[in-house]
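A, B, ... follow the sequence lines: proteins, then strands. Residue 1 opens every chain.
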Protein chains: 4
Amino acid sequence: MLNDAKKARAGRTREVEDPSAQAPKRTKLTRAQKKEQIRAALFAAAAKVVGEHGYSNAQVAMITAQASVAQGTFYNYFESQQDLLDQLLPTVGQAMLAFIKEASSDAASEVEREEKSFRAFFEFLKINPDFYRILYEAEVFAPEAYQKHNEAVARGYVRVLERAMNRGELRISDKRELEAVAQMLMGARHYLCMRFGRRGRGGISLPEWVVDAYMTVVKGGIYR
Amino acid sequence: MLNDAKKARAGRTREVEDPSAQAPKRTKLTRAQKKEQIRAALFAAAAKVVGEHGYSNAQVAMITAQASVAQGTFYNYFESQQDLLDQLLPTVGQAMLAFIKEASSDAASEVEREEKSFRAFFEFLKINPDFYRILYEAEVFAPEAYQKHNEAVARGYVRVLERAMNRGELRISDKRELEAVAQMLMGARHYLCMRFGRRGRGGISLPEWVVDAYMTVVKGGIYR
Amino acid sequence: MLNDAKKARAGRTREVEDPSAQAPKRTKLTRAQKKEQIRAALFAAAAKVVGEHGYSNAQVAMITAQASVAQGTFYNYFESQQDLLDQLLPTVGQAMLAFIKEASSDAASEVEREEKSFRAFFEFLKINPDFYRILYEAEVFAPEAYQKHNEAVARGYVRVLERAMNRGELRISDKRELEAVAQMLMGARHYLCMRFGRRGRGGISLPEWVVDAYMTVVKGGIYR
Amino acid sequence: MLNDAKKARAGRTREVEDPSAQAPKRTKLTRAQKKEQIRAALFAAAAKVVGEHGYSNAQVAMITAQASVAQGTFYNYFESQQDLLDQLLPTVGQAMLAFIKEASSDAASEVEREEKSFRAFFEFLKINPDFYRILYEAEVFAPEAYQKHNEAVARGYVRVLERAMNRGELRISDKRELEAVAQMLMGARHYLCMRFGRRGRGGISLPEWVVDAYMTVVKGGIYR
DNA sequence: AATGAATGAGACTTCATTCAT
DNA sequence: CATGAATGAAGTCTCATTCAT
């Protein structure tokens, strides 16, 4: 979804330039479909612009230019600039969570799941390099969305940890501490990403020894 | 252009003087003292404004109003708004590092030092609630300063960890991994602070069980 | 006077740095002399600054920096910035007129005097490259002074032309036309200077054929 | 403020569009036409403001007020204030050249052409009294445009003079001197205009004896 | 008098939002 | 609805002048 800007635009253009096309499947789009396409294009454009220039430089003019629509059109889809920015992380964040879930679904143990999730996070970032700024600048520019996202991710961690704790696999036994551990893992991932996972756009593969360090701490610090 | 003028003036400035060597009581401050006072007031005002409203709303007008000086005065002390913002974290960051160093200097072991440092960080935040935003929004608004600060903090961690590793106290043995561990600790602290350390201005005492969770992971995950 | 900035500054510095100097002649200057020195330094500085950056960029700060005095000092000598700018052309303009008069005083005929004056103007500009802007930008930035200067120069021309006319040496006979001719000569000189007389600072020698063209027109167009 | 602007604009628009016209096609202007109108209004406003107050006082606010548009609108048409100022002389200068060409096209000889051109210049100034400052202050405020304009005008003179020289009608025979002569004519015209052609706004008719003086010099000084 | 920092009015420019077509 | 130009509030920075030392 993050990199669909071009496709979306291309799609629209094609339609316009050749109204008599006999394309069997893509006949004229309905109104609703067109609207949905534009909305999607605006999201994709916003993602790209925020990813490249940050929230603070994500001007409406830039987003609409990127989406190949007029500036005024923006306000047919969003109440305000902030409205779109508030929706950006939820939209893209869901995709990330789904991606990670999918990638870690076949784990044999909680520890393995953690490693797979960890790797998947960086895999996702490699595919969607815009996500880093969309996620981490949201604390400043879309705080509500950020907090929700954070809580959702934390809940995921806590659920897993809880299961492990109930099986007696954890070094901690205080239920309250589970969320603290979750936050620590999230923070650790954030900083490793910041430091080792972002060499320019297009990303870079995370060094294997970073994964080693992370898993060493996870295995020894959290699990027995 | 402006710079030429400034340089010329700076060159002429005789900053030495102090002919009134022993005037200890003097109600009136010397010019240099006044200047220093205003500079400090601007920094303090900026810290407060950034802490309360964030970098993105730290307008020059707000800062100067807070410091009770005219807007133009600002530019006698800083090249530009960004110039001040760039200096803010270094200035306050130093104070934090000094505070933590002082608080953890009497630790008997590396692990104890880590706990004392961890607690001191939150102590510092309680005293300087503005610091949270000054530090963490800097990634967006003063990236260079942020990176420097981050590296300085990381270096501190690495130094400690290295010592421990050389004594065979660590679970990892790859020197490269030390920095990864440092980043993880920093990230963990950041997120714990975000989640548990900031209930409104004035801060809140960190729950003891958060410290427990943190130290459990540190002890089991990093140290043998 | 135009190039005394350095000297003036050196003078002050020397005095300051070695109050016990036994220099036999330059003992302490009187108050009045000091004032006169500063005023001269400000004029010289203004000339240099205007010559290099134009009136519109001749900020008080630049002028005082160039003169090595404090900004506030400026207002002990001039009512306002405009006040100095208004006095600049009269001051330097007098020097130019004197220079030209001196250079053309030994002419055997009016035509020869004109050639000598013409050459002397460019000679003066070579020595004082700042003069071009001081003079010609004054039309915009010190219009009153400009007009006065212009009239003074025109009067000089008219006086000469009148003499020639009375001797029947001119092609025109209407007294009113004398001033028109004077203005034409001034305009011609201005434009030749603009086009041929100013290659960078330091000036350039006027090509001889430009003088030829000028004198051809003067000889054939004005004199019989 | 918004209201004022709107009303003002509405007023202008209505007036311009001529509701009583039988406009066969369309009462309302197309968008492109409106844009062109605003651009023209901005140029006209700039010309008036510069003519009255000079480049140095031609603030964006003044220009837009004069054009009855909002300040922000300015930047839909020009990159910056300087951008407009740079375009002003080329725009108006072309009009002047066309005017003069038209007025002197039916001349029987080069000398006559020169007289007609000379008169036409002042005619143009009478119609466009703003042109004087637009042209002559450009040396300071839009130097590039000024130089281009100057060169264009000089080329025109040189072309005419060259023709005459080839026919042996000139007193000079050195091709290089042609441009010098052109500059002299331009300077002469400038100064005559400054001294005799601008009594307040609305201009004044140039005294006939000024034309006589000019033509006497041209005929005797340049042509045989 | 000299100093040089403080002042604040004022200029330019940006950009989210509105609105007429 | 889409369009894209118009709007004007708001923010940054400059610089002549003032003023306390």
So, T73(A) side chain and V69(A) main chain: donor-acceptor pair closer than 3.5 Å or not?
no
Choosing from dA6(F), dG4(F), dC1(F), which nucleotide comes nearest the side chain of N76(A)?
dC1(F)
Roughly, in whole Å, what's the span from CD in Q37(C) to P in dA1(E)?
16 Å
Rounded to whole Å, CG of L84(C) lies from P of dA16(F) at a distance of 11 Å
Can you tell me if K34(D) touches the phosphate of dT21(E), counting only side-chain N or O atoms and a distance under 4.0 Å to OP1 or OP2?
yes
I'd like to check the ring pair (Phe, Tyr, Trp, His ring centres under 6.0 Å) partners of Y146(B); sequence neighbours left out, ordered by chain and number.
none
Return the value, rounded to whole Å, for the distance between atom CG of L85(A) and atom C1' of dA16(E).
12 Å
Sorted by chain and number, sequence neighbours left out, side-chain hydrogen bond (donor to acceptor under 3.5 Å, both in side chains) with D83(A) holds for Q87(A)
With E137(A), which residues qualify under salt bridge (charged side-chain N to carboxylate O under 4.0 Å, His left out), at least two apart?
R133(A)
Of F74(D) and Q82(B), the one whose closest nucleotide on DNA chain F sits nearer the 5' end is F74(D)
Dot-bracket line, read 5' to 3' along DNA chain F, where crossing pairs take [ ] and | marks a partner on another strand, Watson-Crick or G-U under 3.5 Å:
.||||||||||||||||||||
Looking only at heavy atoms, the pair that brings A67(B) and L42(B) closest together is CB-CD2, 3.9 Å
Considering only heavy side-chain atoms of R31(D), the closest of dA2(E), dT7(F), dG4(F) is dG4(F)
Atom CG of D83(C) to atom P of dA16(F): distance rounded to whole Å?
14 Å
Check the distance between dA2(E)'s P and F78(C)'s CZ and give it to me in whole angstrom.
12 Å
Minimum side-chain heavy-atom gap V50(A)-F141(A) below 4.5 Å
no
Can you name the residues that form a ring pair (Phe, Tyr, Trp, His ring centres under 6.0 Å) with F74(C), not counting sequence neighbours?
F78(C)
How long is the line joining CD of Q33(A) and C1' of dC1(F), in whole Å?
17 Å
Of the options dT18(E), dT3(F), dA6(E), whose atoms approach the side-chain atoms of Y75(A) most closely?
dT18(E)
Taking only residues two or more places apart in sequence, or in another chain, which ones meet E144(C) in a side-chain hydrogen bond (donor to acceptor under 3.5 Å, both in side chains)?
none
Rounded to the nearest angstrom, tell me the gap between atom NZ in K35(D) and atom P in dT3(F).
16 Å
Select from Q81(D) and G72(B) the residue whose nearest nucleotide in DNA chain E is closer to the 5' end of that strand.
G72(B)
T73(C) side chain: which of dT3(F), dT3(E), dA20(F) is closest?
dT3(E)
How is Y77(C) classified with respect to the nucleic acid when contacts are heavy atoms under 4.0 Å: base, sugar-phosphate, or nothing?
sugar-phosphate
Nucleotide nearest Q71(B) when distance is taken to its side chain, options dA2(F), dG4(E), dT12(F)
dT12(F)
With sequence neighbours left out, write down each residue that passes side-chain hydrogen bond (donor to acceptor under 3.5 Å, both in side chains) with E36(C), or none if nothing qualifies.
none
Does anything in residues 56-63 of chain B come within less than 4.0 Å of DNA chain F? Heavy atoms only, and list the residues if so.
Q59(B), V60(B)
Taking only residues two or more places apart in sequence, or in another chain, which ones meet E139(C) in a side-chain hydrogen bond (donor to acceptor under 3.5 Å, both in side chains)?
Y132(D)
Atom CD1 of I38(B) and atom P of dG4(E) are separated, to the nearest Å, by 16 Å
